[in-house]
Amino acid sequence: QGQFVESGGDFVQPGGSLNLSCAAPEFVSLRNAGWYRQSPGNQRTLVARLNWGGGAHYADFVKGRFTISRDANTMSLQRDSLEPEDTALYYCNTYLARESYWGQGTQVTVSS
């Protein structure tokens, strides 16, 4: 309660696919929420976020490799050709990334 809940992470070989899911805390909208990731030695960084008025914004490093989407209750992040560089703990939060909203994240490990 009071935190985003992420799921769907897994150990996967390069080239594999994952679809991550996110549920928001009560009273928190997913309309402009986003996905973030963090790996050891790196800062947590935005992967993709939904625009309030529609569409989505993707970080430059994504380059079309991720797709963010949502319905009324959940937000998803799709990746069909995972690379080792995608290995990280993935989180979701609002665009403002309120500190108290950070959940446990879901681990994505891409390795052969």
Side-chain angles (χ1 to χ4, degrees):
Q1 297 181 3
Q3 297 176 321
F4 281 80
V5 179
E6 304 90 349
S7 62
D10 204 353
F11 184 96
V12 62
Q13 293 183 323
S17 300
L18 283 175
N19 191 306
L20 308 182
S21 296
C22 171
E26 189 177 14
F27 308 123
V28 178
S29 176
L30 287 168
R31 189 170 177 178
N32 67 338
W35 285 94
Y36 304 75
R37 72 183 188 184
Q38 185 174 30
S39 57
N42 295 291
Q43 297 179 343
R44 183 153 50 196
T45 185
L46 180 72
V47 178
R49 64 167 175 84
L50 299 164
N51 294 327
W52 184 264
H57 168 82
Y58 295 92
D60 290 341
F61 68 81
V62 169
K63 296 180 173 64
R65 295 176 294 167
F66 292 87
T67 302
I68 188 172
S69 62
R70 74 168 182 91
D71 59 24
N73 305 111
T74 60
M75 180 175 66
S76 299
L77 185 69
Q78 177 74 35
R79 176 71 161 99
D80 295 322
S81 298
L82 287 159
E83 302 173 352
E85 292 76 16
D86 295 319
T87 296
L89 192 61
Y90 284 73
Y91 302 87
C92 46
N93 208 322
T94 64
Y95 176 60
L96 297 178
R98 182 169 293 186
E99 185 68 24
S100 63
Y101 288 168
W102 294 117
Q104 298 299 307
T106 186
Q107 180 67 44
V108 173
T109 302
V110 185
S111 177
S112 60

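Note that these values count all heavy atoms, side chains included, but never hydrogens, waters or copies made by symmetry. Bear in mind the structure is a predicted one, so any value in this text is a computation, not a measurement.
- Annotation: the span from Asn93 atom CG to Glu6 atom CD amounts to 8.5 Å, rounded to 0.5 Å.
- In this structure, Arg70 CZ and Cys22 SG are separated by 12.0 Å, a value rounded to the nearest 0.5 Å.
- In this structure, the side chains of Phe61 and Asp86 stay at 4.5 Å or more apart for every pair of heavy atoms.
- The closest donor-acceptor contact from the side chain of Thr87 to the backbone of Val110 lies under 3.5 Å.
- Considering every non-hydrogen atom in both Gly105 and Leu89, the closest pair reads C-CD1, 3.9 Å.
- Under a 3.5 Å cut-off, the side chain of Arg79 and the backbone N or O of Phe66 do not form any donor-acceptor pair.
- Rounded to the nearest 0.5 angstrom, Leu77 CG and Cys92 SG are separated by 10.0 Å.
- Contact detail for Gln3 and Ser100: the closest heavy-atom pair is CG-O, 3.6 Å.
- Closest of all the heavy-atom pairs between Arg31 and Leu50 is O-CB, 3.3 Å.
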Just do the side chain to side chain contact (heavy atoms under 4.5 Å, CB included) check on Val47 and Tyr91 with the steps written out, would you? CA-CA 10 Å; Val47 178; Tyr91 302 87; over 6 Å; no
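- Taking hydrophobic clusters as Ile, Leu, Val, Met, Phe, Trp and Tyr residues chained together by side-chain heavy-atom distances below 4.5 Å, Tyr101 shares a cluster with Leu30.
- Closest approach of Ser76 to Ser21, counting heavy atoms only: OG-OG, 4.2 Å.
- Geometrically, Arg44 does not engage Tyr36 in a cation-pi contact defined by less than 6.0 Å to the ring centre and at most 45° from the axis.
- Counting all heavy atoms, side chain and backbone alike, Val12 lies closest to Leu18 at CG1-CD1, 4.1 Å.
- Using modelled atom types, one side-chain atom of Ser17 and one backbone atom of Asp80 make a donor-acceptor pair closer than 3.5 Å.
- Atoms CG and CH2, on Leu20 and Trp35 in that order, are 4.5 Å from each other to the nearest 0.5 Å.
- Across all their heavy atoms, Ser7 and Thr106 have their closest contact at C-OG1, 3.7 Å.
- With rounding to the nearest 0.5 angstrom, the CG atom of Asn51 is 8.0 Å from the NE2 atom of His57.
- Separation of atoms CG (Leu82) and CZ (Arg65) is listed at 9.5 Å; rounding is to 0.5 Å.
- In the displayed structure, Gln107 atom CD is contacted under 6.0 Å by more than 12 heavy atoms of other residues, nucleotides or ligands.
- The 12-atom threshold is exceeded at OH of Tyr58, counting heavy atoms of other residues, nucleotides or ligands nearer than 6.0 Å.
- Contact annotation: the side chain of Arg37 never approaches that of Val108 to less than 4.5 Å [non-hydrogen atoms, C-beta and beyond].
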